[in-house]
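Just so you know, these numbers come straight off a predicted model, no measurement behind them.
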Amino acid sequence: MPTYRIRFNIRALDDIETSISWGLENWGEELTIRWSRELYGIVYGQLSVFPLSCPVAPESETGLEIRQLIFDRYRILFTVMDDEVLILYVRGPFHF
């Protein structure tokens, strides 16, 4: 079974960091840590093995095939290039 390398671009890491900061203020440390672990767990668990099973995102109209994985209230937007999954954005409920 092929495995894909996972890489986050800087914008995706900023999105996650913003969500973690928000979570610490609104949920507290315990729930925020759990959310973070679940987020990374689904990214590495599903996208390292089955990234092409995720649907194409509406943003894919730009010419680059962008796919999405839904996690809780978040959309993880990524592209697949050869044996690599590049996480582009992690869009939360406050992103439009």
Side-chain angles (χ1 to χ4, degrees):
M1 180 178 311
T3 56
Y4 294 82
R5 193 178 85 180
I6 304 294
R7 190 166 55 98
F8 291 82
N9 76 5
I10 192 71
R11 179 63 189 158
L13 293 173
D14 286 344
D15 291 343
I16 293 168
E17 189 173 312
T18 298
S19 291
I20 287 173
S21 294
W22 183 91
L24 288 170
E25 290 178 20
N26 293 279
W27 297 336
E29 185 175 353
E30 184 178 336
L31 289 176
T32 302
I33 289 171
R34 183 169 49 179
W35 175 86
S36 177
R37 285 184 180 151
E38 289 174 2
L39 172 74
Y40 284 106
I42 197 167
V43 165
Y44 284 97
Q46 183 165 344
L47 297 184
S48 66
V49 182
F50 300 113
L52 299 176
S53 69
C54 296
V56 173
E59 291 85 348
S60 198
E61 294 177 3
T62 62
L64 177 67
E65 185 175 82
I66 299 172
R67 294 180 174 270
Q68 66 182 0
L69 173 63
I70 304 299
F71 165 70
D72 195 22
R73 300 178 303 163
Y74 291 80
R75 293 173 58 229
I76 301 164
L77 299 168
F78 64 93
T79 189
V80 180
M81 297 178 283
D82 299 321
D83 65 343
E84 180 177 85
V85 172
L86 175 60
I87 309 298
L88 302 170
Y89 300 98
V90 179
R91 296 287 186 198
F94 305 111
H95 293 102
F96 302 99

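From Ser53, atom OG reaches atom CZ of Arg67 across 8.0 Å, with rounding to the nearest 0.5 Å. Separation of atoms CG (Leu86) and CZ (Phe8) is listed at 9.5 Å; rounding is to 0.5 Å. Atom CZ of Arg75 is separated from atom CD1 of Ile70 by 6.0 Å, given to the nearest 0.5 angstrom.
Looking at heavy atoms from C-beta onward, Phe71 lies out of side-chain contact with Val43 at the 4.5 angstrom threshold. You'll find the side chain of Gln68 reaches within 4.5 Å of the side chain of Pro58, heavy atoms only. Side-chain atoms of Arg34 and Leu31, non-hydrogen and from C-beta on, do get closer than 4.5 Å to each other.
A donor-acceptor pair is defined here as one N or O able to donate and one able to accept, closer than 3.5 Å; no such pair exists between the side chain of Asp72 and the backbone of Tyr74. Using a distance-only test at 3.5 Å, with no hydrogens or angles considered, a donor-acceptor pair links the side chain of Thr18 to the main chain of Asp14. For Arg5 (side chain) and Asp83 (main-chain N/O), no donor-acceptor pair under 3.5 Å exists by modelled atom type.
Looking at every heavy atom in both residues, Tyr4 comes nearest to Leu47 through CB-O, 3.9 Å. Taking each heavy atom of Glu29 and Leu24 in turn, the nearest pair found is CA-CD2, 3.7 Å. For Ile66 against Ser60, the heavy-atom pair with the smallest separation is N-OG, 3.1 Å.
Leu69 and Leu52 end up in the same hydrophobic cluster when Ile, Leu, Val, Met, Phe, Trp and Tyr side chains are linked at under 4.5 Å. Transitive grouping of hydrophobic side chains (ILVMFWY, heavy atoms separated by less than 4.5 Å) brings Tyr44 and Phe78 into a common cluster. With hydrophobic clusters built from ILVMFWY side chains whose heavy atoms lie under 4.5 angstrom apart, Leu88 does not share a cluster with Ile10. A continuous path of hydrophobic side-chain contacts links Val90 to Tyr40 [ILVMFWY only; heavy atoms under 4.5 Å].
Under 4.0 Å is where a charged nitrogen must lie from a carboxylate oxygen, and between Glu59 and Arg91 no such pair does.
Taking a 6.0 Å sphere around CD of Glu84, one finds it holds more than 12 heavy atoms contributed by other residues, nucleotides or ligands.
With Ile87 as the partner, the side-chain contact (heavy atoms from CB on, under 4.5 Å) test is satisfied by one option alone out of Ile76, Asp15, Leu77, Leu13: Ile76. Between Pro51 and the choices Ile6, Val85, Thr79, the side-chain contact (heavy atoms from CB on, under 4.5 Å) rule is met once, by Val85.
Between Trp22 and Trp27, the ring-plane angle classifies as perpendicular under the 30° and 60° cut-offs.
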